[in-house]
Enquirer: 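Got a structure for you, questions after.
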Amino acid sequence: MLSVKCKSCGGEMAVDGSGGLYCGYCGCKYEFSDRDLTGYRVFRSKMLEYLRAIHDQNTAGIGHEDELWKNAEKVSFRAKDGSDVTVRYLYNSEDDGVTSYLTRKAALFVFPGNRRDAAERAIGNIRALEFPPADVKGLSDSFPSLTGRYELADGGVLLAFERQDNLFPLAMFGSLRPEHVAWIISRMENICCVLNYSSLVHGGFSEESLWINPTSHHAVLMGHWWDAEPMGTKSLGNVVRSALGADPAKRDLVDLRKTADRVLGMRRSEAPQALTEFLKGSPAEDAFADFEVWDKVIEDGFGGRRFAKMGIDF
C-alpha cells in the first residue's frame, strides 16, 4: 500500500478506488503516473475480485482469499535464540515506531528495542479490559487475543494476535459508501462502550488500528494499545488536551468521528445529513449516551438498521 503525506497540510493521504490520492484533512487531490501505480493497481484488482466473491452470501468468500495471498511478501526477523522467524504478509504499516503485519492467521506487531515498554503497556492494557457479566453480543471478540510473544535478537519484541479469516485493516479498503461507514461506526460505538465500561481511553482509533470483516460486518480494535490509559490519568497528552478545552475522556469518541470522516473521503457528498451532522458534532457525555445519539442517526439517516453487502463499486 502507498503512504504519502499531503504537500499542503502534511496529513496522511489515501488512495481512492480510481488510483487517485486525496487528503482527508484539507481535501487536496493528486494523481500518480501509471508507472507509479502499477503495483497498487494489481493489488487493488485482487482486492476487488475478493470483494466480488464475498458479495455473494452463498460463497462467503471461501477460497477466494487465496487469490489475495498470491501477492504476499516475506520478511524475516532474528529471534533472541538465533533462529530466523520468516512470515508472509499481505499488508504492513508503521504507527508510532511500531510496525504491524497482516499475515494469514495473525496480526503481528514488531516493537524495536527502544519500544519494549510499549509492548508491555499494550499487553497490560488489553488485559485490563472488562466486559459485562452477560456479554450476549460477544463484545470480547472485538478486541485482540494474544497468541504469542517472541523476543528478538536486537532487543525488540514481536507480538502475535489472532486474526480471523476475512479480517483486514480498514485502511486497505479506501473510500467507502455511507451505508458501509455506518456499520463501521456502529462497531466503533460498541467498542467505545466496552472501553467506557473498563474506564479506559484507547487514544488511537484510526484506519490502521481498526480491522474489519466485510463479510460479517465484524470489527476488531487491533492496534495502538500502547497508548491506552485509565480515564482521568494526568498524562502529558491529557493535560494538553484539557488545556485546549477538549475532554480527554471523550478522545475515543472524537477519534471515532475523525476516522469515519476520513473513510468516507471522496464520498462525503453522498452521506445523509444526519450522518454529516453526527461527524461534525461534539460527542455525548459518555460512550453509552453517544451510542443512543448514533441510534437516532441510523433511524433518521438510513431508515433503520439494514445489512448492506459490500460490493465491487465501493
Enquirer: Write out all pairs satisfying salt bridge (Lys or Arg N to Asp or Glu O under 4.0 Å) with one or both partners inside residues 203-212, taking only residues at least two apart or from two chains.
Expert: Glu207-Arg262
Enquirer: Test of understanding: with side-chain contact (heavy atoms from CB on, under 4.5 Å), list the residues that count as partners of Ala128, not counting sequence neighbours.
Expert: Leu200
Enquirer: Would you say Leu129 and Leu146 are hydrophobically clustered, going by side-chain heavy atoms of ILVMFWY under 4.5 Å?
Expert: yes
Enquirer: Any heavy-atom pair between the side chains of Ser142 and His218 that's under 4.5 Å?
Expert: yes
Enquirer: For Glu270, what residues pass the side-chain hydrogen bond (donor to acceptor under 3.5 Å, both in side chains) criterion, not counting sequence neighbours?
Expert: Arg267
Enquirer: Side chains of Asp95 and His224: donor-acceptor distance under 3.5 Å anywhere?
Expert: yes
Enquirer: Using the ring-ring contact (aromatic ring centres under 6.0 Å, His included) criterion, which residues pair with Tyr101? Sequence neighbours excluded.
Expert: Phe77, Tyr89
Enquirer: Take Val87 and Arg104 through the side-chain contact (heavy atoms from CB on, under 4.5 Å) test and state the conclusion after the steps.
Expert: CA-CA 9 Å; Val87 298; Arg104 193 65 186 262; over 6 Å; no
Enquirer: Would you check if Leu102 and Arg163 make a side-chain contact, meaning some heavy-atom pair closer than 4.5 Å?
Expert: yes
Enquirer: Assess whether ring pair (Phe, Tyr, Trp, His ring centres under 6.0 Å) is satisfied between Trp211 and Phe168, documenting all intermediate values.
Expert: CA-CA 5 Å; Trp211 293 35; Phe168 302 92; 8.3 Å; no
Enquirer: Apart from Phe288 itself, what residues make up its hydrophobic cluster when side-chain heavy atoms of I, L, V, M, F, W and Y under 4.5 Å apart count as a link, directly or indirectly?
Expert: Tyr197
Enquirer: Going by the rule side-chain contact (heavy atoms from CB on, under 4.5 Å), which residues pair with Asp154 if we only count those two or more places apart in sequence or in a different chain?
Expert: Leu152
Enquirer: Taking the side chain as everything from C-beta on, heavy atoms only, tell me whether Phe278 gets closer than 4.5 Å to Lys296.
Expert: no
Enquirer: State which residues pass side-chain hydrogen bond (donor to acceptor under 3.5 Å, both in side chains) with Trp226; sequence neighbours excluded, sorted by chain then number.
Expert: Asp96
Enquirer: Going hydrophobic residue to hydrophobic residue with side-chain gaps under 4.5 angstrom, can you get from Phe161 over to Val85?
Expert: no
Enquirer: Does the Lys NZ or Arg CZ of Arg116 fall within the cation-pi geometry relative to Phe111 - under 6.0 Å from the ring centre and within 45° of the axis?
Expert: no
Enquirer: Within the structure provided, determine whether Asn213 and Val220 are in side-chain contact (heavy-atom separation under 4.5 Å).
Expert: no
Enquirer: For Val254 versus Pro283, what's the shortest heavy-atom pair and its separation?
Expert: CG2-CG, 3.7 Å
Enquirer: Do Cys192 and Leu253 have side chains that get closer than 4.5 Å, going by heavy atoms?
Expert: yes
Enquirer: For the residue pair Pro112 and Gly97, what are the closest heavy atoms and their distance?
Expert: CD-O, 3.3 Å
Enquirer: Strictly below 4.0 Å, N to O, side chains only: are Asp290 and Arg257 in salt-bridge contact?
Expert: yes
Enquirer: Tell me, please, which residues at least two apart from Ala153 pass side-chain contact (heavy atoms from CB on, under 4.5 Å).
Expert: Arg78
Enquirer: Suppose we screen for side-chain contact (heavy atoms from CB on, under 4.5 Å). Which residues come up paired with Ala260, at least two apart in sequence or across chains?
Expert: Val181, Ile185, Met188, Leu279
Enquirer: I would like to know whether Asp81 and Ser83 meet side chain to side chain donor-acceptor pair (under 3.5 Å); could you show each step before the answer?
Expert: CA-CA 6 Å; Asp81 63 6; Ser83 62; 2.6 Å; yes
Enquirer: With sequence neighbours left out, what residues match His202 under side-chain hydrogen bond (donor to acceptor under 3.5 Å, both in side chains)?
Expert: none
Enquirer: Are Arg251 and Glu229 close enough for a salt bridge, meaning some N to O gap below 4.0 Å?
Expert: no
Enquirer: Once side-chain hydrogen bond (donor to acceptor under 3.5 Å, both in side chains) is applied, what residue pairs with a partner in residues 275-288 remain, sequence neighbours excluded?
Expert: Gln273-Glu277
Enquirer: Can you sort out the partners of Asn125 under side-chain hydrogen bond (donor to acceptor under 3.5 Å, both in side chains), two or more places apart, ordered by chain and number?
Expert: none
Enquirer: Do Leu159 and Tyr150 make a side-chain contact, defined as non-hydrogen atoms from C-beta onward lying under 4.5 Å apart?
Expert: no
Enquirer: Taking atom CG of Leu167 and atom NZ of Lys105, what is their separation to the nearest 0.5 Å?
Expert: 12.0 Å
Enquirer: May I ask whether Ile123 and Trp225 are part of the same hydrophobic cluster, defined by side-chain heavy atoms of I, L, V, M, F, W, Y residues being less than 4.5 angstrom apart, directly or through others?
Expert: yes
Enquirer: Taking side chain as C-beta onward, heavy atoms only, is Glu189 less than 4.5 Å from Ser186?
Expert: no
Enquirer: On the 0 to 90° scale, with breaks at 30° and 60°, tag the Phe131-Phe143 ring pair as parallel, tilted or perpendicular.
Expert: perpendicular
Enquirer: How long is the gap from OG on Ser209 to CG on Asp227, to the nearest 0.5 Å?
Expert: 11.0 Å
Enquirer: Do Leu264 and Leu176 make a side-chain contact, defined as non-hydrogen atoms from C-beta onward lying under 4.5 Å apart?
Expert: no
Enquirer: Rounded to the nearest 0.5 Å, how far apart are CD1 of Ile126 and CZ of Arg121?
Expert: 12.5 Å
Enquirer: So, Ser93 and Ser100: side-chain donor and acceptor under 3.5 Å apart, yes or no?
Expert: yes
